[in-house]
Amino acid sequence: MTSGQISGPLTKSYVDATDPSHPIQKDLVLYELFERAREKGIVGEVVNLETNRRFTTTEILEKADGYAKGMLALGLIPGEDTFAVVGCTTIEAVNLFTACSAIGVAFAHPYIYTPMDISIASILPNMAPRAVVVGEGISGKICTSFLGFFKETDAYPQSDKLPFIEHIFYDNSHNDRAPAHMCLNPLSQLTEIGMSVSDKQLEEAKKSVKPEYRLHHLFSSGSTGKPKCIAHSHYSLANELLQLRTENLEPMLTMNPSIDEMISYSCAAWVLAGKVSKCVFIPAIKMDVPLGESSKVITQSVIDEGVQYLMIPGAASTMIRNCILNDKVDFPPIKFFLNGAQIVSRGFKKNLKECFQGMAFTDYAMTEAFVIATTSVYDTKEGEEARMQARLVVKPNTQLRIVDTDGEVVDIGEDGMVEVKTYSQLKEYRKQEQLTKDLFTKDGFIKTGDMGMMYEDGTFIIKGRTADAIRFKVLGDVIYPGPIEEAMSQHPAIYDISVIAGSSNDYYGDELTYCIKLKADVVRPTEEELIAYSTTHQVSKKKLREAVHAMIANDSAVGLCDWYKEFIADLTSH
C-alpha cells in the first residue's frame, strides 16, 4: 500500500501510509524551514493576548539571531548543551526557542507543578541546562521557588541541587519586578554578550546543525505518574512541519506557552515556517478560576485577528465555551476546532460545535510521536458522521498496527494495543536508557499503551489505555473507563470524573472506583440518581443494571463499592 490508500478491505489491523510523492527528508533541520519562508517573503505574526504584544516572524528571527549569538558567546555547545526557560509566559520564550533551533542548542520549557521546589529539583537535572531564563510565571511563585536554590549574595550561580546551571537571566517583560540576586542578569544582557560574535560565526553555527541534534525537550507523566523528559530531534519536528503542504493558512488561536508547551511551540513553528499566517496565544488560564471577562477578550480577538482555527485542547475549549455562554457572548463562526484527543464523546463535540460552529476534528497524538492520526481529512458533510465517531486516519509516511498481548497483529474489528512507527518519534527519554529501550518493539514500533480497534478501510478508533481495562469476569465483558467517564461527565452536577480500578482479584476481576468532582453551587446527587443516570445512558451492562436495582431496592443508601463487595461475596459463597 502506498500514499495511505487501501487497495481493498483489510483483514488485518495494519496500515502502511508511505507516501513516495512526498518523502521524508533525512537531512532536514527545523531552522531551514524558517529560512525558506523568509526567502519566499512570507511574513507571519505571533500575538500574545496576555501581554498584548505582537511580533512579526521577521522580528522574531532577528531577535533570535541576537539571542543565538549570546548563547554562542556563553560557550554553549551545539548538539550537546541545553538552554531552558522557566516561568516565561511571553513571546520571549518563542524567540529563545527560535534561537536555540538556529544553532543546534537544545531547548526546554518544562512545566513546573506544585510543590514547585521539589518539581524544579527533580525535572531540571534531566536536561542539566547550562543557562536558564526565569520569569514570573502566572503568579510569580515559579521565580521565587527557582531563586530559592541560590544565594542572593553570590555573583555567580551556585547550587548543590542545580550545580549544572552557569548563567541565569531574568525576563521581566511580563511583570516588571527585579529580584535582588546578584547572579541574575536581565535578559537584554544575553543580546549584549552576543555582540562579540560576528554574523559569519553565527552563519557557520547554523550550517553546522545536524538533523539528529536534540531540538526540544517535552515532559509527560504518561501512565507511570513520573515525569519523563522526552527529547525530539530536528529531523522529527522539521519533517512534521514539512508534511503540511499548504502555506499561509488563516490565523489560528492556540494555548499560551505557559499552559501547553507542546501545542504552543508547534503552532509558533508553523507560523515561522510560513504554514500559518498568524498564531494568537490566549491568556493564561487557571483551571479552577472562571474566565469571566476573558471570554469577551478571546471572542473579540477572534474577530479582530481573523481567527479561523482553534488549536486548543478539550478541557480549555470547554472552559471557554462555558464562559462564552454564561457571558452571552456572540462567538463568530470558524472553520475548524480541535475538540480534544483520543476518546471524546459525541455530546462533548456537539456542545463545542454549537458554540464554535466550525467542523470538529480529533487528533490522536502522543508526546513521544506528535500527531499520529486525525479525523480532519473528513472535511465534508458526508464525512461528518465519521468525524463525530472520531474514526482516525493514519497520517502519511506512518505505519500503524494493532496487536495482541503476544505482539501479533489482530484481525479487523478486534481490540488490541496500538503500535506506531513514524518519522516524528522521539529521540530518547533523557537519562532513562532502559525506559527508552522498553518503549520500542524489536522492529522499531512505539508501544503506545493505547487500546484501539481498526475497520476494513484502515481507519481506527481509540478505546482507552491498556492499563485502564477494568475486567469483570462474572459479567462476561471488558469495560473501559473512557466510555463511562464520557457519559457520566454529561451529568449536570458533575464537573469531572475518573473511573479507576480499586482492588483486583483474578477470580472476579477489578472493583470499580468512581472519583467525582461536583460543579460549584449544585445539589449533590444521590447514589440512586447517579446509578439511574448511568443506566439511562447505557453505561451499565444488563446484569450490572439488574444487580444495581436489586441492591437499591434493599438499601437506597448503598454505595457502588459497598454493593459490589456484597455482590461478589454472595457469588463466591455459592
Side-chain angles (χ1 to χ4, degrees), residues 29-35 37-39 46 48 53-109 124 127-135 143 146 150 155-157 164-174 176 178-179 181-210 213-217 234 257 265 268-269 272:
V29 298
L30 182 64
Y31 200 78
E32 185 178 342
L33 294 179
F34 299 168
E35 291 287 0
R38 176 153 57 178
E39 291 170 0
V46 177
N48 192 341
R53 298 186 69 194
R54 60 181 66 226
F55 285 88
T56 65
T57 51
T58 300
E59 292 171 328
I60 290 174
L61 293 170
E62 289 176 354
K63 195 159 190 178
D65 279 351
Y67 286 152
K69 287 182 177 181
M71 294 174 189
L72 293 173
L74 292 177
L76 299 186
I77 303 173
E80 295 185 18
D81 287 333
T82 299
F83 189 100
V85 298
V86 181
C88 290
T89 62
T90 69
I91 297 177
E92 291 298 352
V94 175
N95 296 334
L96 291 162
F97 164 71
T98 307
C100 288
S101 70
I103 60 173
V105 170
F107 179 83
H109 188 170
L124 287 185
M127 307 159 299
R130 288 179 59 191
V132 175
V133 174
V134 61
C143 181
F146 179 82
F150 304 91
Y156 300 97
F164 40 81
I165 295 178
E166 300 175 6
H167 310 279
I168 306 176
F169 299 90
Y170 178 65
D171 171 26
N172 66 346
S173 58
H174 182 47
D176 191 10
H181 283 64
M182 293 181 63
C183 61
L184 212 58
N185 300 301
L187 182 55
S188 58
Q189 190 170 332
L190 181 60
T191 302
E192 294 173 11
I193 294 171
M195 291 180 180
S196 62
V197 176
S198 67
D199 291 342
K200 182 179 179 181
Q201 288 174 304
L202 176 62
E203 288 305 311
E204 289 175 350
K206 289 179 180 179
K207 292 178 182 178
S208 68
V209 179
K210 297 181 179 179
Y213 281 1
R214 286 187 294 269
L215 168 69
H216 195 184
H217 295 91
H234 283 254
Y265 284 112
L272 287 162

Val133 and Tyr67: side chain to side chain contact (heavy atoms under 4.5 Å, CB included), yes or no, with the steps? CA-CA 12 Å; Val133 174; Tyr67 286 152; over 6 Å; no
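- Atom CG of Leu33 is separated from atom CZ of Arg38 by 13.5 Å, given to the nearest 0.5 angstrom.
- Side chains of Thr98 and Leu272 form a contact here, defined as non-hydrogen atoms less than 4.5 Å apart.
- Taking the side chain as every heavy atom from C-beta outward, Ile193 and Asn185 never approach each other to under 4.5 Å.
- Between Cys88 atom SG and Leu96 atom CG the span is 7.0 Å, to the nearest 0.5 Å.
- The shortest distance between side-chain heavy atoms of Leu124 and Phe146 falls below 4.5 Å.
- Ring centers of Phe150 and His181: at least 6.0 Å apart, outside the cut-off.
- Under the 6.0 Å cut-off for aromatic ring centres, Phe107 and His217 do not qualify, their centroids lying 6.0 Å or more apart.
- The two atoms that bring Gly135 and Cys143 nearest to each other are O-CB, 3.2 Å, heavy atoms only.
- Counting all heavy atoms, side chain and backbone alike, Pro78 lies closest to Ile103 at CB-O, 2.9 Å.
- Put simply, OG on Ser198 and CG on Leu72 are 9.5 Å apart, with the number rounded to the nearest 0.5 Å.
- For Asp81 against Val105, the heavy-atom pair with the smallest separation is O-CG1, 3.5 Å.
- You'll find the side chain of Arg130 stays beyond 4.5 Å of the side chain of Leu74, heavy atoms only.
- A donor-acceptor pair under 3.5 Å is formed between the side chain of Glu59 and the backbone N or O of Thr56.
- Scanning all heavy atoms of the two residues, the minimum distance from Val85 to Ala93 falls at CG2-CB, 4.5 Å.
- A pairwise comparison of heavy atoms in Lys69 and Leu202 identifies CE-CD2, 3.9 Å as the closest pair.
- One distance of note links CD of Glu192 with CG of Leu187; it measures 10.5 Å at 0.5 Å rounding.
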Take His234 and Val209 through the side chain to side chain contact (heavy atoms under 4.5 Å, CB included) test and state the conclusion after the steps. CA-CA 9 Å; His234 283 254; Val209 179; 3.9 Å; yes
List the steps and the verdict of side chain to side chain contact (heavy atoms under 4.5 Å, CB included) for Tyr265 and His109. CA-CA 10 Å; Tyr265 284 112; His109 188 170; 2.7 Å; yes
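- Within the 4.5 Å cutoff, side-chain heavy atoms of Tyr31 are placed close to those of Ser101.
- For the pair Glu203 and Lys206, the salt-bridge criterion is met [side-chain N within less than 4.0 Å of a carboxylate O].
- Heavy-atom minimum distance, Ala99 versus Met71: CB-CE, 3.9 Å.
- By the 4.5 Å heavy-atom criterion applied to side chains, Leu76 and Phe83 are counted as neighbours.
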Begin from the C-alpha positions of Lys63 and Glu92 and carry the test salt bridge (Lys or Arg N to Asp or Glu O under 4.0 Å) through to its verdict. CA-CA 9 Å; Lys63 195 159 190 178; Glu92 291 298 352; 2.7 Å; yes
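- Gln189 CD to His167 NE2: the interatomic distance, rounded to the nearest 0.5 Å, is 11.0 Å.
- In this structure the side chain of Phe34 reaches within 4.5 angstrom of the side chain of Leu61, judged on heavy atoms.
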Trace of the side chain to side chain contact (heavy atoms under 4.5 Å, CB included) decision for Phe55 with Asn95: CA-CA 10 Å; Phe55 285 88; Asn95 296 334; 4.2 Å; yes
Run Phe97 and His216 through ring-ring contact (aromatic ring centres under 6.0 Å, His included) and show every step you take. CA-CA 8 Å; Phe97 164 71; His216 195 184; 5.4 Å; yes
